[in-house]
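A short write-up of the structure that comes next.
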Amino acid sequence: MRVRLLLPVLLLPVLLLPVLLPPGLLAVLSSAPAGAAAHDASPSPRASPSPLPAAIRAGVPQAVAADPDRARELVVEMHWDGDEAAPIVRNDSAAPVAVKEIVLFDIAHGLAPDTRMYGEGLQMLAQTAGTIAAPEDVGDYPDRSHYRLPEPAGFRRVYGVLALEPAGAPQFIAAFATCSRFVGAFDISPTRVRCTIDCEGLVIPAKSAWSLESLVVREGASRGELLDDLAKRIARVHPRTAYPAPPAGWCSWYCFGPAVTAKNVLDNLGAMERDYPELKFVQIDDGYQPKMGDWLDTGPGFGGKPVQDILREIKSRGREPAIWVAPFIASPDSKILRDHPDWFVKGDDGKPMPSDRVMFGGWRLGPWYVLDGTHPEVQAHFEKLFRTMKDDWKVEYFKLDAIFWGMMHGGRFHDPKATRVEAYRLGMQAIRRGAGDKSYILGCNHPIWPSLGLIDGSRSSLDIGRNWTSVWRTGRENLLRGWQNGTLWWNDPDTLVQTGLPENEARFHATLVYATGGAMLAGDDLATLPRDKMPIVRALSRPTGVAAAFNDLALSVGAVALANGVTRFALFNWSDKPCDRSVAFAGKCRVRDAWTGEDLGMHDGGFAMRAIPAHDARLIEVVPATNAAR
């Protein structure tokens, strides 16, 4: 994934989402069974019920027609089953009606201005935190500006899920549990909250009805519990793929960029064979192709040597080749655009539309044009492309970048009845047919909710950079999405980098990658990596698949529950000054530094790590004394 870095970067207040604690973990300074690591379960004061759920259910949903005079011919019904609704819109008239959007609710929320909030973006680079009076962008590339998606005046728009933390009331969540056809959004202002479904001006025939996306409205003791429940509800409709564990390997981009050579790749393959037996995948990134879109042609990146020759060599030497592809996009001078202009999303003039007309035009070899996923010949092209890479190139790991472009707004599809979500999902389903069910498909620069059930891995942050601002920012992006890991897909926190950072920040970044529980691809040149950096790469080459659970909004202490009652705690210092971090447990436990192996002694009831330096972290392992006795 490539984007232009916007500077200066605004450092946001830490108003972030705790992940649901695994069973058996208790809160700092709470009681727990003998020998069990504790992380927080002390009961919180009983909160008064929020009026929001009742107000939402009492509201009257409305349809907004392209012709306002036709809106009265449309009826919206909310079919509630507990706290989940299955909305439909019905056209009872004798003529078709073009539908702009459905407003499922629009209410005065009555919340204090400092009520904390969190919302997802439509695109993976966007998230929102802060308060309802002062919402703040977590990522650098908001939907409303970078991708030029509409946002109502006076509101902040988020997509898929909106979580609120009212003072003195239960945590609140409103979210869509499905995304098969339409984009669902939530708009919030200091006084109102509304929920909409974008119908894109499509026409509902006379005497017919549409099923819309399912809506969940819930309260609970913690946002972590609410999000965990949401993930399970989503997975019932959009099940996680069968890929069994997050992958580990090496990626070429973060040390060589588009100038990567065959020698670079093979040197790192040799280093993996020699020093990193558990790194499985060798991922060649952007740079092998001559133009965006011409993926099977030989570019200049390997001195004229076809990339497939290198991929086959990787396979013959016992590692798994992986490739970067941006399947939905094409450069203006690409062969595919020249030969098949009818395959592309069109503008009002009937010609292929450059994406910079309506959104960001691309970071390299652009402005990009967009292949139309509703076109049967495009679907056949995707199947053939990925089947060729799988069968002939021996690739079963595909990093799909810039796939958000597959649902570009403002254009015309081959199928005029299709929504943007349908265009994207049809294209992705064709890619899966070509790649096969056993291949690993990583979504990168992708739409979050429309990708549900389609991808094995989901990039959860912007590209990592070798500086503290990037480590700080991407770290929060990644940890905010911890609730998705293992239930919706495997999270991908981007690569592990250990060179170019001071020792403390390199350790912080490594600890954070561990805390995500997701995929781990090394981003340094392994052939030249200093020996003192090698142990951390080796340790992280076995991802746990378990995201850390946090009980505080500062994300200072995260707990990873492992087998046999063992817990690892990630202790973060996000600040510019040294700090202490403490954990508590009942009974005696052996504590050790998980990075260095240093025995920190047997402790009864808790452990404190003193004076963690600024921009640093520790990873400690807590083992019940009863385990040691066994």
Side-chain angles (χ1 to χ4, degrees), residues 1 241 243-290 294-327 382-401 403 431-444 455-457 459 490 492 494-496 519-527 537 541 543:
M1 181 185 65
T241 63
Y243 205 84
W250 172 81
C251 173
S252 68
W253 181 262
Y254 296 88
C255 41
F256 302 116
V260 61
T261 67
K263 184 178 186 302
N264 297 147
V265 175
L266 297 178
D267 285 350
N268 276 269
L269 174 61
M272 291 168 65
E273 292 170 332
R274 183 178 64 250
D275 298 319
Y276 307 97
E278 292 182 288
L279 292 183
K280 179 179 179 181
F281 293 96
V282 181
Q283 192 241 301
I284 296 177
D285 217 280
D286 184 9
Y288 66 90
Q289 76 285 359
D294 298 338
W295 308 109
L296 298 182
D297 294 343
T298 299
F302 292 98
K305 182 177 181 179
V307 69
Q308 55 264 44
D309 290 354
I310 301 164
L311 295 167
R312 293 188 190 111
E313 181 170 350
I314 293 167
K315 183 74 171 182
S316 71
R317 290 169 59 173
R319 289 300 198 273
E320 293 296 328
I323 196 75
W324 179 94
V325 192
F382 283 160
E383 282 194 54
K384 181 179 178 181
L385 169 64
F386 283 88
R387 188 170 290 113
T388 298
M389 288 184 165
K390 176 174 68 75
D391 293 344
D392 297 348
W393 293 16
K394 309 304 179 185
V395 174
E396 292 187 339
Y397 178 125
F398 299 95
K399 178 182 178 181
L400 303 189
D401 210 343
I403 52 177
I431 289 169
R432 173 61 77 179
R433 290 193 295 271
D437 290 339
K438 294 183 179 179
S439 292
Y440 185 80
I441 292 180
L442 170 63
C444 191
I455 57 179
D456 303 285
R459 262 290 290 278
W490 299 114
D492 184 307
D494 203 17
T495 63
L496 170 74
M520 199 297 285
L521 269 67
D524 292 309
D525 182 358
L526 298 179
V537 177
S541 63

Worksheet item: Where the side chain of Arg387 meets the backbone of Asp392, is there a donor-acceptor pair that is under 3.5 Å apart?
Response: no
Discussion item. For a 4.5 angstrom cut-off between non-hydrogen side-chain atoms, does Leu266 reach Arg317?
Written reply: yes
Response to the item:
ring pair (Phe, Tyr, Trp, His ring centres under 6.0 Å) with Tyr397: of Phe386, Phe281, Trp250, only one passes, and it is Phe281
Response to the item:
Tightest non-hydrogen contact, residues Met520 and Val537, listed as CE-O, 4.0 Å
Discussion item. Working note: Glu313 + Val282, criterion side chain to side chain contact (heavy atoms under 4.5 Å, CB included); need CA distance, chi angles, decisive distance, verdict.
Written reply: CA-CA 11 Å; Glu313 181 170 350; Val282 181; over 6 Å; no
Discussion item. Using side chain to side chain contact (heavy atoms under 4.5 Å, CB included), reason through Lys438 and Asp456 one step at a time and then give a plain yes or no.
Written reply: CA-CA 10 Å; Lys438 294 183 179 179; Asp456 303 285; over 6 Å; no
Worksheet item: In Å, rounded to the nearest 0.5 Å, how long is the span from OG of Ser541 to CG of Asp275?
Response: 11.5 Å
Fill in: Reported CG-to-OG distance for the pair Leu311 and Ser316, which is rounded to 0.5 angstrom
11.0 Å
Discussion item. Could you check whether any side-chain N or O of Asp267 sits under 3.5 Å from a backbone N or O of Asn264, counting only pairs where one atom can act as donor and the other as acceptor?
Written reply: no
Worksheet item: Which heavy atom in Gly457 sits nearest to a heavy atom in Tyr440, and how many Å separate them?
Response: CA-OH, 3.3 Å
Discussion item. So Val260 and Asp285, do their side chains get closer than 4.5 Å, heavy atoms only?
Written reply: no
Response to the item:
All heavy atoms of Pro543 vs all of Ala248, minimum pair found to be CD-CB, 4.1 Å
Fill in: Contact summary for Gly434 and Lys390, nearest pair of heavy atoms
O-CE, 3.3 Å
Worksheet entry | Any donor-acceptor N/O pair, Arg319 side chain to Leu279 backbone, under 3.5 Å | yes
Worksheet item: If you look at every heavy atom in Ala435 and Phe398, which pair is closest and at what distance?
Response: CB-CE1, 3.7 Å
Item to complete: List the steps and the verdict of side chain to side chain donor-acceptor pair (under 3.5 Å) for Asp494 and Tyr254.
Response: CA-CA 10 Å; Asp494 203 17; Tyr254 296 88; 2.7 Å; yes
Worksheet item: Between the main-chain N or O of Lys394 and the side-chain N or O of Glu396, is there a donor-acceptor pair closer than 3.5 Å?
Response: no
Discussion item. Check this for me: does any side-chain nitrogen of one of Asp286 and Lys399 sit under 4.0 Å from a carboxylate oxygen of the other?
Written reply: no
Item to complete: Supply the atom-to-atom distance Lys305 NZ to Thr298 OG1, rounded to the nearest 0.5 angstrom.
Response: 11.5 Å
Practice prompt. Could you tell me whether a side-chain N or O of Asn268 sits under 3.5 Å from a main-chain N or O of Leu526, the two making a donor and an acceptor?
Written response: yes
Item to complete: Check step by step if side chain to side chain contact (heavy atoms under 4.5 Å, CB included) holds for Ile310 and Tyr288.
Response: CA-CA 11 Å; Ile310 301 164; Tyr288 66 90; over 6 Å; no
Discussion item. If you define the side chain from C-beta out and look only at heavy atoms, does anything of Leu296 sit under 4.5 Å from Trp393?
Written reply: yes
Discussion item. So Ile284 and Pro321, do their side chains get closer than 4.5 Å, heavy atoms only?
Written reply: no
Worksheet item: Would Arg432 and Asp437 satisfy side chain to side chain contact (heavy atoms under 4.5 Å, CB included), going step by step from the backbone distance to the final call?
Response: CA-CA 7 Å; Arg432 173 61 77 179; Asp437 290 339; 3.9 Å; yes
Worksheet item: Looking only at heavy atoms, which two atoms of Ile455 and Thr241 are closest? And how far apart?
Response: O-CG2, 3.7 Å
Worksheet, complete the sentence: Value for CD (Gln283) from OG1 (Thr495), rounded to nearest 0.5 Å, stands at 9.5 Å
Discussion item. Please report the interatomic distance OG(Ser252) to CG(Leu521), rounded to the nearest 0.5 Å.
Written reply: 10.0 Å
